[in-house]
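To start, the structure under review is shown below, and the notes come after it.
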Amino acid sequence: MASYEGNKGPVLLSSGPLRKKIEMAKKLGYDGVDLFSNVTQIEEAREAGRVFRENNLEIALMVATTLSAEGVNLTDPDLVKCENSVRRYQEQIDIAQAMGARGMPVGYLRGDRMEGISEDAYEERLAQSLRQIEAYAGQRGIKIWLEPVNRYEINTMNSAEKTREFLRKYEISNVGLLLDVFHMNIEDNGIIPTILKCKGYIGHVHLPDNQRYACGSGCFDFQAILEALKETGFDGYVSVEAFPVFGEYESARMSIETLKEALAEQ
Ligand code: LER
Ligand code: MN
């Protein structure tokens, strides 16, 4: 997990120049990163992509921070604003393609359900926006993943089960789930059984420890989590999204060692 510039969120490698972060991630044994990007120009995106390729590191997910800063809302009750948000998201898909990223998330960008908007109306609008985004992304080789996010950060689709049900009900088959075990630990009835229930839907995974710090510093059983993911046939990236409270290098090192040990013990 890396970012272009200092990011106050749960981003492991948040400070210093991008090239340094890429080299550090590679040296520690990471195969890819989730990149928090503020790039808006295609040429700059191509250049970033080149640096990643030179270091043989994949951009597993590109989080376009510019979109939240602009107030993009994929369920805006104002149809013109909603369509504009879809267009802005699609422009960032072009950026992701130029970088060579695998996928992009829809987390906060789906927006809160506003007062007076029924759950059905909210879901209909989100389904419509996601279909437009997914069609555009699919033609450009970019995957779209919907992230269940806990109730303290957004007021809809908090649990993985509920979000999976939305994708099933509206038959949005090309959008996968981005499962984040931090949010699941707050919202779902057990991380392992929920992962198993989400079989066939999981596209990308965020793995902090239970306090959202480095893997190995808390009480999550990563061996069981990775085993459950394997059982579902999941073949995407698991990405460490955690606050670097033990320092960036140490948090990144501890996390990958914990995950590699957990994998080896299977
Ligand atoms: C939000 O809490 C989250 O988990 C992130 O993946 C969103 O960028
Ligand atoms: Mn996450």
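Just so you know, these numbers use all the heavy atoms, side chains as well, and skip hydrogens, waters and symmetry mates. Sequence positions, counted from 1, serve as the residue numbers for this chain. Both ligands and their constituent atoms are indexed starting at 1 by order of listing. This one's a predicted model, so the numbers in the text were calculated from it and none came from an experiment.
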query: Under 4.0 angstrom from ligand 1, any heavy atom of Arg212?
result: yes
task: Evaluate the side-chain proximity of Leu177 to Val205: yes if any heavy-atom separation is below 4.5 Å, no if none is.
output: no
- prompt: Parallel, tilted or perpendicular for Phe166 and Tyr170, by the 30°/60° rule?
  reply: tilted
query: Are Glu119 and Lys162 within salt-bridge range, i.e. N to O under 4.0 Å?
result: yes
- request: Just give me the atom name: the N, O or S atom of Glu241 closest to the Mn ion (ligand 2).
  value: OE1
- prompt: Do you see a donor-acceptor pair shorter than 3.5 Å between the side chains of Tyr89 and Gln132?
  reply: no
- request: Using a strict cut-off of less than 4.0 Å between a Lys/Arg side-chain nitrogen and an Asp/Glu carboxylate oxygen, indicate whether Glu91 and Arg87 qualify as a salt bridge.
  value: no
task: Can you pull out the closest protein heavy atom to atom 5 (C) of ligand 1? Residue, atom name and distance to 0.1 Å, please.
output: Glu241 OE2, 3.1 Å
Distance from atom 1 (C) of ligand 1 to nearest protein heavy atom, with residue and atom: Tyr108 OH, 3.2 Å
query: With atoms numbered from 1 as shown, which atoms in ligand 1 lie under 4.0 angstrom from a non-hydrogen atom of Asp180?
result: 4 (O)
- request: Could you tell me whether the side chain of Asp94 reaches within less than 4.5 Å of the side chain of Tyr136, counting heavy atoms only?
  value: yes
task: Would you name the N/O/S atom of His206 that lies closest to the Mn ion (ligand 2)?
output: ND1
- request: Under 4.0 Å from a heavy atom of His206: give me the atoms of ligand 1 that qualify, with their elements.
  value: 6 (O)
task: State, without any angle test, whether Tyr213 and Ser251 hold a side-chain donor-acceptor pair at a distance under 3.5 Å.
output: no
statement: the Mn ion (ligand 2) -> Asp180, closest N, O or S atom is OD2
field: Closest protein heavy atom to atom 7 (C) of ligand 1, given as residue, atom name and distance to 0.1 Å
entry: Glu147 OE1, 3.6 Å
- prompt: Could Asp180 and Arg212 be called an ion pair, given the rule that one side-chain N must be under 4.0 Å from one carboxylate O?
  reply: yes
query: Which atoms of ligand 1 are found less than 4.0 Å from any heavy atom of His183?
result: 1 (C), 2 (O), 3 (C), 4 (O)
message: If you consider just the N/O/S atoms, which atom of Glu147 is the closest one to the Mn ion (ligand 2)?
response: OE2
field: Protein contact of atom 2 (O) of ligand 1 - nearest heavy atom, named by residue and atom, plus distance
entry: Glu153 OE1, 2.6 Å
